[in-house]
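The structure appears below as structure tokens.
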There are 2 protein chains.
Amino acid sequence: MTPATRDRLVGVAMRLFALKGYGSTSVADILHEAGANSGSLYHFFPTKQDLLLAVLDRYRQGIGPMLLEPAWQGVDDPIERVFALLARYRQHLVNSECTYGCPIGSLALELHEPDPPVRELLAANFDGWVAAVERCLDDARDRLPADIDRHELAVFVLTTMEGGVMQARTHRSLDTFDASVNRLRDYFRRLQQAKDR
Amino acid sequence: MTPATRDRLVGVAMRLFALKGYGSTSVADILHEAGANSGSLYHFFPTKQDLLLAVLDRYRQGIGPMLLEPAWQGVDDPIERVFALLARYRQHLVNSECTYGCPIGSLALELHEPDPPVRELLAANFDGWVAAVERCLDDARDRLPADIDRHELAVFVLTTMEGGVMQARTHRSLDTFDASVNRLRDYFRRLQQAKDR
DNA sequence: GTCTATATACGGATAGAC
DNA sequence: GTCTATCCGTATATAGAC
């Protein structure tokens with residue numbers, strides 16, 4: 001069965017906001033691609049921004065099933081899971097010729113003064129991502145220095161992904177993304193070596 | 001003498017694009033704040049995008065005099081210069097209550113499929129920034145492992161800044177920026193320790 | 001180079017029948 | 001819940017006098 005109209009609208013909006021940005025996606029674009037009419041959309045969502053909130057909520061709920069589970073298929077080592085997650089973003093860049101990166105990061109910088117509910121959902125998406133990485137680091141705590149701040153380190157992994165994706169899109173090249181992940185990998189190696197002693 | 005109209009338009013556009021974004025800044029906003037009329041702007045710039053190109057070019061030319069020189073006042077140590085540069089972005093966040101970060105990064109993610117000249121000027125801005133950091137690292141080469149890729153490391157510094165700024169703006173808090181810079185500092189410490197042995 | 005007035009398109013959102 | 005038709009503001013850009 002084809003998804004109900006509301007879900008279809010959210011799905012199309014998710015796709016188009018990621019592809020073209022929030023401001024550059026018109027309500028008419030969404031209606032056209034979803035095969036719906038203005039009246040339907042405004043029946044479910046009072047404003048375009050409410051549709052954005054639904055999109056951000058779907059991203060947040062999808063962190064586990066849509067992002068982590070596929071990325072971690074067949075990867076059990078917690079530190080390798082961190083880098084498998086980064087590899088997934090790399091694959092998105094490859095598939096899109098370096099035009100598609102992290103939709104949350106793009107929206108976070110596109111919307112300069114977002115209304116509080118929007119900003120909070122963006123932050124909640126980052127928090128969920130960082131928390132998942134932090135659980136990996138906790139699982140690997142025996143291989144890291146005891147005094148390392150694992151929350152800071154998890155934030156730093158997200159920083160590396162977002163900063164690397166931004167530069168890759170701008171240069172239309174994977175080089176800067178790979179350089180960033182290489183340096184993060186080197187940092188992890190040195191942390192693990194410090195533990196060995 | 002008050003700046004010539006053209007320069008004033010570029011200056012106002014630079015400010016408003018950084019504050020509100022490119023798409024959310026109307027030509028009328030710029031004209032109003034610059035005290036100019038439509039005819040003047042379109043006399044100098046055929047389209048709004050040409051004005052953006054002038055803004056990006058001014059950023060690029062300003063990397064030395066407007067960014068590096070102020071950040072490096074009284075700082076001679078090349079590695080401290082890297083962190084002084086990051087501290088300058090932190091200060092921008094403080095001054096703006098975490099709303100103003102890096103205008104180049106914001107534009108890079110706001111414009112999803114920029115016309116080639118725009119994308120190239122964004123990339124040139126990143127290149128100039130990275131090259132400056134790389135020169136610092138070259139100046140400190142004796143304190144870093146001989147086999148470290150200093151270009152990758154310079155890219156990683158920009159990655160840290162951009163990723164940290166993005167999260168700080170989203171959380172309206174310096175914590176994630178500070179966490180990222182702390183981890184980068186720890187990485188540098190470990191690189192220098194590796195050299196000592 | 002600068003001014004005013006305006007063309008023209010498209011945006012989000014609404015009205016009201018079905 | 002869905003449809004068509006449309007309101008109305010604002011956007012970029014232009015025309016042509018001065």
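Both backbone and side-chain heavy atoms feed into the values below; hydrogens, waters and symmetry mates do not. Keep in mind it's a predicted model, so treat the numbers as computed, not measured. Chain identifiers are assigned alphabetically (A, B, ...) following the order of the sequence lines, protein sequences preceding nucleic acid strands; residue numbering begins at 1 within each chain.
At a cut-off of 3.5 angstrom, the base of C:dT14 holds at least one donor-acceptor pair with the side chain of A:Ser38.
In this structure, A:Asn37 reaches the D:dT4 phosphate: one of its side-chain N or O atoms is under 4.0 Å from OP1 or OP2. Using a 4.0 Å cut-off, some side-chain N or O of A:His43 falls inside it from OP1 or OP2 of D:dG1. Contact between the side-chain N/O atoms of B:Tyr42 and the OP1/OP2 oxygens of D:dT14 is not found at any separation under 4.0 Å. Considering only side-chain N and O atoms, A:Thr5 lies under 4.0 angstrom from the phosphate OP1 or OP2 of D:dT2.
Put simply, CG on A:Leu9 is 11 Å from P on D:dC3, counting in whole angstrom units. Rounded to whole angstrom, the span from the CG atom of A:Leu31 across to the C1' atom of D:dG1 amounts to 14 Å. Rounded to whole Å, atom P of C:dG11 lies 19 Å from atom CD of A:Gln49. Distance, A:Leu52 CG to C:dA13 P: 12 Å, rounded to whole Å. Spacing between atom NE2 of A:His32 and atom C1' of C:dC10 amounts to 16 Å, rounded to whole angstrom units. As rounded to whole Å, 16 Å separates atom C1' of C:dT2 from atom CZ of B:Arg6. When rounded to the nearest whole Å, the span between NZ of A:Lys48 and P of C:dC10 equals 15 Å. Atom pair B:Leu41:CG and C:dT4:P shows a separation of 15 Å (rounding to whole Å applied).
Surrounding CD of A:Glu113 are at most 12 heavy atoms belonging to other residues, nucleotides or ligands under 6.0 Å away.
Positionally, the nearest nucleotide of DNA chain C for A:Ser24 lies more toward the 5' end than for the other of A:Pro46 and A:Ser24.
Residues B:Val133 and B:Leu67 share a single hydrophobic cluster, defined by chaining ILVMFWY side chains whose heavy atoms lie under 4.5 Å apart.
Here D:dT12 is the nucleotide among D:dT12, D:dT14, D:dT4 with the atom lying nearest to any side-chain atom of B:Ser26.
Under a 4.0 Å N-O distance rule, the pair B:Asp142/B:Lys195 does not qualify as a salt bridge.
Here B:Thr25 lies in heavy-atom contact (under 4.0 Å) with sugar-phosphate atoms only.
Of the N and O atoms on the side chains of A:Asn37 and A:Ser40, not one donor lies less than 3.5 Å from an acceptor on the other residue.
The six-membered or imidazole ring of B:Phe177 lies away from that of B:Tyr89, with a centre-to-centre distance of 6.0 Å or more.
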